[in-house]
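Only one structure is covered here, and it is reproduced in the block below.
Chain A is the first sequence line, chain B the second, and so forth, proteins listed ahead of strands; every chain is numbered from 1. Treat the numbers as computed from the prediction; the structure is a model and nothing was measured.
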There are 2 protein chains.
Amino acid sequence: MGIDLNEFQALDLWHRAIVSSVQIDAPDLSARQMALLLSVYLNPPPHTVRGLSQFLKVSKPAITRAINRLSEFGMVRRKIDDNDRRSVLIQRTVKGSVFLREFGELIVNAGNQENQADPSSLPPKY
Amino acid sequence: MGIDLNEFQALDLWHRAIVSSVQIDAPDLSARQMALLLSVYLNPPPHTVRGLSQFLKVSKPAITRAINRLSEFGMVRRKIDDNDRRSVLIQRTVKGSVFLREFGELIVNAGNQENQADPSSLPPKY
DNA sequence: TAAAATCGAAACGTATGCGAAATAATATGA
DNA sequence: TCATATTATTTCGCATACGTTTCGATTTTA
């Protein structure tokens with residue numbers, strides 16, 4: 001019970017969505033940052049630096065930096081774990097929810113476009 | 001004749017695919033870089049700096065830098081336009097095709113996963 | 001042919017990101 | 001207690017990216 005896509009449909013969907021995101025000047029997140037953000041929102045809490053580091057197979061300092069960046073955008077928030085004050089819990093925010101909801105709409109809209117089977121039949125975009 | 005997705009399915013698909021990409025240590029491209037790469041491969045040629053700049057609504061120097069980066073990865077190639085030697089044509093490469101084909105597989109596989117309607121019912125990943 | 005326009009790249013100062021190693025704070029265990 | 005382990009962050013030197021401006025090459029226009 002998944003989403004049946006062939007390879008061209010998959011890339012075409014990704015293309016339309018990410019182009020829309022760039023065109024509207026959304027924050028230019030790297031793949032790592034986007035993976036982290038989505039993990040915080042779609043995987044069940046709690047989220048810690050070490051946990052995200054292991055899940056994404058990325059070093060802990062890299063996770064810390066990605067959280068710094070996303071925090072500046074207000075998309076996640078740090079909260080010290082009262083049960084283990086060495087740990088930091090990464091939490092969701094309203095701004096992050098709004099951003100991801102809008103990003104999801106972009107993908108949905110990208111999927112709603114008429115899809116050509118043959119990319120060379122697409123009209124020039126410029 | 002599109003791809004019917006609801007918002008959660010869309011974000012979940014994006015999440016699974018981009019997490020896979022990060023986990024296998026694929027090049028950590030920014031949204032801009034990925035949008036440029038996909039545009040070169042999925043929009044019909046010819047591709048020029050100014051054309052891509054207008055299409056993506058991003059400054060020309062930013063396009064130049066993204067092409068530099070993707071060129072270092074061997075994913076695109078520059079070719080001077082013989083009809084107007086001021087212009088540079090951005091062309092596809094074998095390495096870029098391979099990368100996007102593999103990335104497409106990642107998305108297809110992400111779509112093939114069993115999808116839960118309720119994200120809180122997902123098992124912990126770590 | 002000379003002047004203006006166009007194109008992509010380079011230069012500039014600043015901001016962000018990297019991995020590796022070191023550090024501070026906290027918890028655990030002998 | 002007090003040495004050890006764990007957790008997240010900071011620091012280091014270096015690489016990459018930003019927008020603005022400038023530049024050199026080329027084409028178009030007057």
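If you take CD1 of I67(B) and P of dT16(D), they are 17 Å apart, rounded to a whole angstrom. Residue Q54(A) contributes atom CD, which lies 8 Å from atom P of dT7(D) at whole-angstrom precision. Straight-line distance from the NZ atom of K60(B) to the P atom of dT20(D): 14 Å, rounded to whole Å. For L70(B) and dT16(D), the CG to P distance is 13 Å, given to the nearest whole Å. The interatomic distance linking N68(A) (CG) with dA8(D) (C1') rounds to 11 Å, in whole Å. Regarding R69(A), its CZ atom lies at a distance of 11 Å from the P atom of dC18(D), rounded to whole Å. In this structure, D82(A) atom CG and dT7(D) atom P are separated by 17 Å, rounded to whole Å. Following rounding to the nearest Å, D84(B) (CG) and dT27(D) (P) show an atom-to-atom distance of 6 Å.
Set against dA21(C), dC18(D), dT26(C), the side chain of R85(A) has dT26(C) as its closest nucleotide.
Side-chain nitrogen and oxygen atoms of R78(B) include at least one within less than 4.0 Å of the OP1 or OP2 phosphate oxygen of dA9(C). A close approach under 4.0 Å does not occur between any side-chain nitrogen or oxygen of R86(A) and OP1 or OP2 of dA24(C). Residue S87(B) has no polar side-chain atom (N or O) positioned under 4.0 Å from OP1 or OP2 of dC7(C). Using a 4.0 Å cut-off, some side-chain N or O of R50(B) falls inside it from OP1 or OP2 of dG8(C). Taking only side-chain nitrogens and oxygens, R65(B) never comes nearer than 4.0 Å to OP1 or OP2 of dA9(C).
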Problem set entry | salt bridge (Lys or Arg N to Asp or Glu O under 4.0 Å) evaluation trace for R85(A) with D81(A) | CA-CA 5 Å; R85(A) 299 175 55 75; D81(A) 183 350; over 6 Å; no
For this session: Please report the C-alpha distance between T93(B) and Y41(B) in whole Å, then the side-chain angles of each, then the deciding distance to 0.1 Å, and finally whether the side-chain contact (heavy atoms from CB on, under 4.5 Å) criterion is met.
Result: CA-CA 9 Å; T93(B) 66; Y41(B) 280 79; 3.5 Å; yes
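Computed from C1' positions of five pairs at each end, the angle between the two local axes of the helix from dT1(C)-dA30(D) to dA30(C)-dT1(D) equals 10°, rounded to 10 degrees.
Sparse packing is recorded around NZ of K95(A), with 12 or fewer heavy atoms of other residues, nucleotides or ligands lying under 6.0 Å away.
Counting any heavy atom pair closer than 4.0 Å across all strands shown, T64(A) reaches a base atom. A66(A) comes within 4.0 angstrom of no nucleic acid atom, judged by non-hydrogen atoms across all strands.
Between D81(A) and S59(A), the residue anchored nearer the 5' end of DNA chain C, judged by the nucleotide with its closest heavy atom, is S59(A). Nearest-nucleotide mapping onto DNA chain C: of I63(B) and N83(A), the residue sitting toward the 5' end is I63(B).
Side chains of N68(A) and R78(A): a donor on one and an acceptor on the other come within 3.5 Å. Checked by atom type, the side-chain pair S30(A)/R69(A) shows no donor-acceptor distance below 3.5 Å.
Applying the ring-ring contact (aromatic ring centres under 6.0 Å, His included) test to pairs two or more places apart or on separate chains, those with a residue in residues 13-37 of chain A are W14(A)-W14(B), W14(A)-F103(B).
The stretch residues 22-36 of chain B comes close to DNA chain D through R32(B), Q33(B), each having a heavy atom under 4.0 Å from the strand.
With a 4.5 Å cut-off on side-chain heavy atoms, V19(A) and L38(B) do not count as touching. Annotation: side chain of S87(B) is in contact with side chain of R50(B) (closest heavy-atom distance under 4.5 Å). For the pair L13(B)/L13(A), a side-chain contact is recorded, criterion being any heavy-atom separation below 4.5 Å from C-beta on.
Residue L70(B) comes nearest to Q33(B) through the heavy atom pair CD1-O, 3.8 Å, listed as atom of the first residue, atom of the second, then distance.
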